[in-house]
Amino acid sequence: AQSVAQPEDQVNVAEGNPLTVKCTYSVSGNPYLFWYVQYPNRGLQFLLKYITGDNLVKGSYGFEAEFNKSQTSFHLKKPSALVSDSALYFCAVSSSASKIIFGSGTRLSIRP
Amino acid sequence: GAGVSQSPSNKVTEKGKDVELRCDPISGHTALYWYRQRLGQGLEFLIYFQGNSAPDKSGLPSDRFSAERTGESVSTLTIQRTQQEDSAVYLCASSTRLAGEGPDTQYFGPGTRLTVL
């Protein structure tokens, strides 16, 4: 069975500092990995995805994520955080034959 | 339309009543998902439709919950005899499938906020 874990409920970062939001997964076969963001009182928005190819994936709003097969991780990163990045972030995983499932979410708080 | 739409946007009902939630996916998207999100919580998978295949109902929390989809179009999620614990935002998403491979990006609707009094 596939699963995805976001081990941190909350991540706090000062504006301008780099940020990392962690995600690990377990699937049978090749993984399809996604990050979504949910701003307050708004719907979920797609940030980036890994299907195949380069392990470093670049997405919207300056975010990127690195696929690490040996560690089964797909951590979300940004070199310099903005206060406007404060939101709820979800990692999601699937394989070729299965549905997409979501992690429990990580609340990112960027302080000025 | 250009995106996934859901109706109603808000629904307040009394305990014990039935409710029906609607999702209009993006045209051409073969996959459709329903999720439930309780306040401040993550996304709880409910049901997944993929083309003409039998739906994956493994996430439905009880037999009070059911969903239908006609072809690759509209889907309805029905909750019978609603309970207070059913109060949540119900999200619908649709996606394509990459040719011969896995799912592509999901596009989410704005959700239906259900309040059961």
Side-chain angles (χ1 to χ4, degrees), chain A residues 1-10 21 23 25 27-53 57 59-60 63 65 67 86-109, chain B residues 1-6 9-10 23 25-26 29-51 53-60 67 69 88-113:
Chain A
Q2 64 188 47
S3 65
V4 57
Q6 293 182 243
E8 303 155 316
D9 290 337
Q10 174 114 12
V21 183
C23 173
Y25 66 90
V27 293
S28 299
N30 294 324
Y32 295 74
L33 297 157
F34 305 84
W35 275 101
Y36 288 83
V37 59
Q38 188 175 38
Y39 296 103
N41 299 315
R42 292 171 62 180
L44 275 95
Q45 298 178 32
F46 168 75
L47 275 180
L48 51 79
K49 65 184 177 185
Y50 172 84
I51 304 296
T52 186
V57 178
S60 306
F63 284 93
F67 170 60
S86 298
L88 189 56
Y89 290 80
F90 291 97
C91 181
V93 65
S94 177
S95 63
S96 62
S98 68
K99 60 184 179 285
I100 298 173
I101 62 168
F102 282 76
S104 55
T106 297
R107 189 165 301 280
L108 178 63
S109 178
Chain B
V4 178
S5 61
Q6 292 185 246
S9 56
N10 280 283
C23 172
I26 293 172
H29 280 193
T30 57
L32 187 147
Y33 299 76
W34 282 98
Y35 296 92
R36 179 169 68 180
Q37 186 177 29
R38 292 198 169 100
L39 187 63
Q41 304 294 310
L43 275 73
E44 178 185 1
F45 167 77
L46 296 177
I47 189 168
Y48 163 51
F49 296 90
Q50 174 56 53
S53 301
D56 181 341
K57 302 180 181 180
S58 60
L60 294 178
R69 186 184 188 195
V89 175
Y90 289 81
L91 293 166
C92 174
S94 71
S95 75
T96 59
R97 283 191 78 85
L98 300 170
E101 299 191 23
D104 204 352
T105 304
Q106 286 181 308
Y107 294 87
F108 282 82
T112 294
R113 183 175 299 277

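These values consider heavy atoms only, across backbone and side chains, with no hydrogens, waters or symmetry-generated copies. Throughout, protein chains are lettered first and strands after them, A, B, ... in sequence-line order, and every chain is numbered starting at 1.
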Test salt bridge (charged side-chain N to carboxylate O under 4.0 Å, His left out) applied to A:Glu8 - qualifying residues, sequence neighbours left out: none

Heavy-atom distance under 4.5 Å to chain A: side chain of B:Ser95, backbone, both or neither? neither

Looking at every heavy atom in both A:Tyr36 and B:Gln106, which two are closest together, and how far apart are they? OH-N, 2.8 Å

Non-hydrogen atoms of chain B under 4.5 Å away: do they reach the side chain of A:Gln38, the backbone, both or neither? side chain

Would A:Phe102 and B:Phe45 count as a ring-ring contact (aromatic ring centres under 6.0 Å, His included) if you check the C-alpha gap in whole Å, the side-chain angles of each, and the deciding distance to 0.1 Å? CA-CA 8 Å; A:Phe102 282 76; B:Phe45 167 77; 9.8 Å; no

Rounded to the nearest 0.5 Å, the CD1 atom of A:Ile51 sits from the OG1 atom of B:Thr105 at a distance of 7.0 Å

Of all heavy-atom pairs linking A:Phe90 and B:Gln41, the shortest is CZ-O, 4.0 Å

Run the salt bridge (charged side-chain N to carboxylate O under 4.0 Å, His left out) test against B:Arg38 and tell me which residues pass, sequence neighbours left out. B:Glu44

Atom CZ in B:Phe108, atom CD in A:Gln45: separation rounded to 0.5 Å? 11.5 Å

Measure centre to centre between the rings of A:Phe46 and B:Tyr107, then say whether the value is under 6.0 Å. no

Heavy-atom distance under 4.5 Å between the side chains of B:Leu43 and A:Ile101, does that happen here? no

